[in-house]
J.: 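Pasting a structure here, questions to come.
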Amino acid sequence: MGLNGRARTRLIFWACLAAVVLIVRGGFMLTHYESLQDDPDAYRVIAETLARTGVFGLPVGTEEARPTAFRPPLYPWLLSWLVDGAGTLSNPSVAILQLVLGGLTIGFTWDIARRLLSKWAAICASVLVLIDPILLWQSSLVMTETIATTLVVVTWWWWVVRIGRTEDCEPKTAKGGLTRSDVLDAVVLGSLLTLCILCRPTFLVWAAMLAAYLPVTGRVTSMARAAMFVITLAIMVTGVGAWTIRNLSAVGHPVWGTTHGGYTLLLANNDSFYDYLENKPTEPPWRRHAWEPDEFFAEYQSLPRSGDEWADDQVAYAAARSTIARRPEMFWYSCWVRMTRLWQPFPHATAGRSTSLIVIVGLLHSLVYALILVAVWRHARQLHPRHWRPWIAWWPAVAIVITLSGVHAVYWSNPRMRSPAIPVLSIAAAAALVRRRD
């Protein structure tokens, strides 16, 4: 049985999209192939240890492992399935995983923009995601930016398709109970949000903001909306609770996220960084030099160690709180700096990073921000509070920007940490191509 014209067109489109992703993302990975071997955040070593010993931990000797909660579990667990019989996570397997995740991100970005804006806007948004320098670079590293971005886009897509459909945005007054469709919507949403949290604990804030919005989505009866909220929350509590119970058993403490939060807070709030902010010169964006953390690393290494990773993390938390208490004015100023660094278009000047590359990346991201401003100007009337119901579909996008801004204003921040919001920014920028009447 042959394909009809529309199905054939769709098949050709998705085949072309896959080819473009393979050429652009795959080509970039080939030129940065050695970067896949690096393991800056210990995801590779945890994955290999898990595959070899069955313990989510760090190696002790050749056949034993020490359980850890140093990193969230989802990404190392996923990588562990790619470890070969020799106990090695090969670069080709990681590259294929990153390519698949990148392709999913671009495909779901296209479909979200098509549904909310137009096909031309969808093409623009997907191209912006495809060539985004941050996502390109992170795709060549064994880090969570790629999978975190995919999870955010897939969750938003499910919200657009099933939770916040524009045609169902008016509140329902008819009586009725919970349907199978409602249960499915809540189960999938809760599962996706749980995966997000188990990928990055930061997403707990985002998940809470989305779950809290369910009672006002308006697409089902009020009783059904309340039931969907309960189901979504129950799944999130179950998933995160399972990780917490595991940590209580294996690590000795009920860690719901990671034992790395204290370090991240201290990295953002220490005397060396505060002194840098007080004394840094005014420079053009493409020549602005990053903070050199050598002094901080020396001080961090001098902190007392007990061998208990949770207790050591609490020491780091205490050191950060002490710095904040002694220098509250610098803390509030540093919050502003961290938030602006999260969204700044130009990356910092570092060793090995050319000025021309900084300028190109900065101009591209500046273009995205300029298009967002144009979109806001063109559609200002639709942003009025009285039009809030059709914007339910956009709530995950707004919430992820608020989440990243709030969390990384306090914890350590740099531009790569906005990776999960890059599809959001791209779709918002593509709205500049949509006419006012549409």
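Bear in mind that the values here come from a model prediction, so they are computed numbers and not experimental data. When reading the values below, keep in mind they use all heavy atoms of this one structure, side chains included, and skip hydrogens, waters and symmetry mates.
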J.: Name the one of Asp271, Asn270, Asn269 that satisfies side chain to side chain donor-acceptor pair (under 3.5 Å) with Arg327?
T.: Asp271

J.: Are Arg225 and Tyr213 in a cation-pi contact, defined as NZ or CZ under 6.0 Å from the six-membered ring centre and within 45° of the axis?
T.: no

J.: What's the verdict on side chain to side chain contact (heavy atoms under 4.5 Å, CB included) for Val205 and Met209, showing C-alpha distance, side-chain angles and the deciding distance?
T.: CA-CA 6 Å; Val205 179; Met209 294 178 73; 4.2 Å; yes

J.: Parallel, tilted or perpendicular, judged at 30° and 60°: which one describes the rings of Trp291 and Trp412?
T.: tilted

J.: Would you say the ring centers of Phe296 and Phe273 fall short of 6.0 Å from each other?
T.: no

J.: Would you give the length of the straight line joining atom CZ of Arg321 to atom OH of Tyr317, rounded to the nearest 0.5 angstrom?
T.: 8.5 Å

J.: Just by distance, with hydrogens left out, do Ser272 and Asp275 show a side-chain donor and acceptor under 3.5 Å apart?
T.: no

J.: Between Arg418 and Ser413, is there a side-chain donor-acceptor contact under 3.5 Å, judged purely by atom types and distance?
T.: no

J.: Please report the C-alpha distance between His365 and Asp132 in whole Å, then the side-chain angles of each, then the deciding distance to 0.1 Å, and finally whether the side chain to side chain donor-acceptor pair (under 3.5 Å) criterion is met.
T.: CA-CA 8 Å; His365 287 151; Asp132 183 84; 3.0 Å; yes

J.: With distance as the sole criterion, is a donor-acceptor pair present between the side chains of Ser334 and Arg338 under 3.5 Å?
T.: yes

J.: Among residues two or more places apart or on two chains, list those pairs meeting side chain to side chain donor-acceptor pair (under 3.5 Å) that have a residue in residues 237-253.
T.: His253-Asp308

J.: Which distance, rounded to the nearest 0.5 Å, do you find between the CG of Leu104 and the OG1 of Thr109?
T.: 10.0 Å

J.: Under the side chain to side chain contact (heavy atoms under 4.5 Å, CB included) criterion, do Cys196 and Leu192 qualify, and how do the steps go?
T.: CA-CA 6 Å; Cys196 288; Leu192 288 172; 5.5 Å; no

J.: For Arg66, give me all partners under salt bridge (Lys or Arg N to Asp or Glu O under 4.0 Å), at least two apart in sequence or on another chain.
T.: Glu309

J.: Using 30° and 60° as the class limits, which term best fits the ring planes of Trp137 and Phe28: parallel, tilted or perpendicular?
T.: perpendicular

